[in-house]
Amino acid sequence: MKYLILICSSLLAMQLSFAQDVNPQQEDRMPENTYNLNHIRWNVVPLLSGNITLEYERVLNKKIAVAAAVGWRPSGKMPYRSVLTDIIDDETVNTFLQDLETSTTSFTPEVRFYLSKRGYGNGFYIAPYMKFAKYDFNVPYAYDVTIAYQGQVLYDRQETILFKGDLSTFSMGLSAGFNFRLTKNIHLDWRILGPGYGQSRGNLAGRITLNADEQNGLNQQLEELQESLDDLPLKFNVDFSVHGNGADIKVNKSPWANIRSGLSIGFSF
């Protein structure tokens, strides 16, 4: 929350600063009857993953604008699950991801620098950004309970525990794209690519009464999951504990990466 307040305050201060500093006699002054200052956009690319993203941009002068995007995805199966499991190619991790359901909220402020001669919210731009996102998780996790005596398996069964929790992420990056002016009021914004890197942390908890054998089986399987997570390119720092009332998984400060892209239809005024 403190980051959100800081960013909003900074964007407001920048807007007020530019509004005061721009001299009406300068050549790059906003031609009032030609360009509009405000842009509202709807990013259609995230719809492929069920995400709804709305964007707002305020043009400050010929070269600079500030913008922010708000995204929301209702709870459902993790998007692009099949692609992700092919990339990870680890049975233990993929089993965990198979039935995972997640919902997402995000907020992404950015500053746009227009490099083309057209400017005023038109043409090629680069945009440093910060992204705050929260992922809420709901995942049934199956584990084996095996009882053996003198090397003989007495019985072997499978149990399931439901984990619920969230993961909060923060990243910074740089995106590049084109904002095309189709008519005076209609724009097409193409964000080509925007890689970002940052950190994440979160918690998952599963609540169910477990006897000693069930605790042992779940503990062994979570140890295997932790070992598999350690082999991923982004190494999540994960701790877990198993007890008579269930289990807790804690994601300590860990690396995070994201890529922004989009094709947005916009209305300016």
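Values below: all heavy atoms of this structure, side chains included; hydrogens, waters and symmetry mates excluded.
- Side-chain contact between R58 and L37 is present, with at least one heavy-atom pair separated by less than 4.5 Å.
- Counting heavy atoms of neighbouring residues, nucleotides and ligands inside a 6.0 Å radius, atom NZ of K164 does not exceed 12 of them.
- Judged by distance alone, the side chain of K235 and the main-chain N or O of D230 form a donor-acceptor pair under 3.5 Å.
- At least one donor-acceptor pair closer than 3.5 Å links the side chain of S116 to the backbone N or O of N122.
- Here the side chain of R73 pairs a donor or acceptor atom with the backbone of T102 at under 3.5 angstrom.
- Salt bridge status for R201 with D166: absent, with no side-chain N to carboxylate O gap under 4.0 Å.
- Heavy atoms from other residues, nucleotides or ligands lying under 6.0 Å from CG of L182 number more than 12.
- No donor-acceptor pair under 3.5 Å is formed between the side chain of N219 and the backbone N or O of V242.
- With rounding to the nearest 0.5 Å, the separation of OH in Y125 from CD1 in I64 is 15.5 Å.
- Residues A247 and L222 come closest through the heavy atom pair CB-CD1, 4.3 Å.
- Looking at heavy atoms from C-beta onward, Y114 lies out of side-chain contact with K62 at the 4.5 angstrom threshold.
- The stretch residues 128-145 participates, sequence neighbours left out, in these side chain to side chain donor-acceptor pair (under 3.5 Å) pairs: Y129-N258.
- Between W256 and F236, the two ring planes are perpendicular [angle over 60°; tilted spans 30° to 60°].
- Using a 4.5 Å cut-off on side-chain heavy atoms (C-beta onward), N179 and R112 make contact.
- In this structure, N38 and I40 have side chains that are not in contact, with every pair of non-hydrogen atoms separated by 4.5 Å or more.
- Remark: side-chain polar atoms of D248 are not paired, donor with acceptor, to backbone N or O of F240 under 3.5 angstrom.
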